[in-house]
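What follows is one structure encoded as structure tokens, with my remarks underneath.
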Amino acid sequence: MTVRTAMGWHLRQVMATHGMYQTSDLVPLLAERGVHLSREHVYRLVARTPQRLNMEVLAALCDILDCEPNDLLVPTVVEDQTAKTGTGDSGPGIGELRPIRARVRRPPEDR
């Protein structure tokens, strides 16, 4: 099991606390602050956690929503479980059971 840090993106929740429920409401507010994004890009920004975030966009969002970056970005610890590959220790569960190879036989022909 490995431990990694992931960032939680809470833009939608912060927008809801300010009475903004439509992503298209952000487009003109961002444009007023010099950030010109398409409606689709703003939707993706609100709906999903971004992989990269421009500092100008983050500053504009914080100004619009009157919040700090740590209100939008919250680090969380995630434990990744390693996938079982079937090699090595079988562990509890299957025990010594192993599949048996099937034999395919032709049916007897009627003569």
Side-chain angles (χ1 to χ4, degrees):
M1 186 177 314
T2 60
V3 178
R4 66 180 176 90
T5 303
M7 295 303 283
W9 182 240
H10 298 286
L11 178 58
R12 185 179 293 276
Q13 291 87 345
V14 175
M15 285 176 60
T17 59
H18 287 83
M20 298 177 71
Y21 299 102
Q22 294 185 357
T23 58
S24 58
D25 294 342
L26 280 179
V27 176
L29 297 173
L30 287 168
E32 288 174 5
R33 289 156 180 84
V35 178
H36 301 284
L37 299 174
S38 67
R39 233 181 44 236
E40 292 81 14
H41 190 91
V42 172
Y43 172 78
R44 286 193 305 265
L45 186 66
V46 173
R48 299 187 217 150
T49 302
Q51 294 297 316
R52 290 180 295 262
L53 186 60
N54 188 327
M55 293 300 288
E56 292 175 359
V57 173
L58 181 61
L61 288 172
C62 289
D63 183 40
I64 292 167
L65 299 170
D66 192 31
C67 66
E68 295 182 7
N70 59 350
D71 295 330
L72 297 174
L73 294 165
V74 178
T76 56
V77 176
V78 177
E79 295 180 3
D80 290 335
Q81 294 183 357
T82 55
K84 294 184 181 180
T85 60
T87 59
D89 184 22
S90 62
I94 294 180
E96 294 299 318
L97 296 177
R98 296 288 172 238
I100 299 173
R101 184 176 206 146
R103 293 184 184 186
V104 178
R105 297 182 187 181
R106 293 181 187 225
E109 293 181 17
D110 293 335
R111 291 189 183 175

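We use all heavy atoms of the structure for the numbers below, so side chains are in, but hydrogens, waters and symmetry mates are not.
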Has Gln13 got more than 12 heavy atoms of other residues, nucleotides or ligands less than 6.0 Å from its CD? yes
Which residue is it: Val74, Leu53, Val46? I am looking for the one with a side chain to side chain contact (heavy atoms under 4.5 Å, CB included) to Trp9. Leu53
From His41 atom NE2 to Thr23 atom OG1, the distance as rounded to the nearest 0.5 Å: 12.0 Å
How long is the span from the SG atom in Cys62 to the CE atom in Met55, to the nearest 0.5 Å? 9.0 Å
Any heavy-atom pair between the side chains of Arg39 and Val42 that's under 4.5 Å? no
Do you know the tightest heavy-atom contact between Leu37 and Leu30? CD1-CD1, 4.1 Å
Exercise: identify the closest heavy-atom pair between Met20 and Leu29: CE-CD1, 3.7 Å
For the atom pair NE2 (His10) and OG1 (Thr49), what is the distance rounded to the nearest 0.5 Å? 8.5 Å
Should the heavy atoms of other residues, nucleotides or ligands under 6.0 Å from CD of Gln22 be counted, would the total exceed 12? no
Rounded to the nearest 0.5 Å, how far does CG of Leu73 lie from CG of Leu11? 9.5 Å
Heavy-atom closest pair (Ala6 atom, Val78 atom, distance to 0.1 Å) is CB-CG2, 3.8 Å
Is there a path of hydrophobic side-chain contacts, each under 4.5 Å between heavy atoms of I/L/V/M/F/W/Y residues, joining Leu72 to Tyr43? no
Give, for atom NE2 of His36 and atom CD of Glu56, the distance between the pair rounded to the nearest 0.5 Å. 10.5 Å
For Thr5 versus Pro75, what's the shortest heavy-atom pair and its separation? CG2-CB, 4.1 Å
Work out which heavy atom in His18 is nearest to a heavy atom in Leu65; give both atom names and the distance. NE2-O, 2.7 Å
Is it true that, when you exclude Asp66 itself, more than 12 heavy atoms of the residues, nucleotides or ligands shown sit nearer than 6.0 Å to its CG? no
Least distance between heavy atoms, Ser24 atom then Pro28 atom: O-CD, 3.4 Å
Might you confirm whether atom CZ of Arg33 has over 12 heavy atoms from other residues, nucleotides or ligands at distances under 6.0 Å? yes
With a 4.5 Å heavy-atom cut-off, do Leu45 and Leu26 have their side chains touching? no
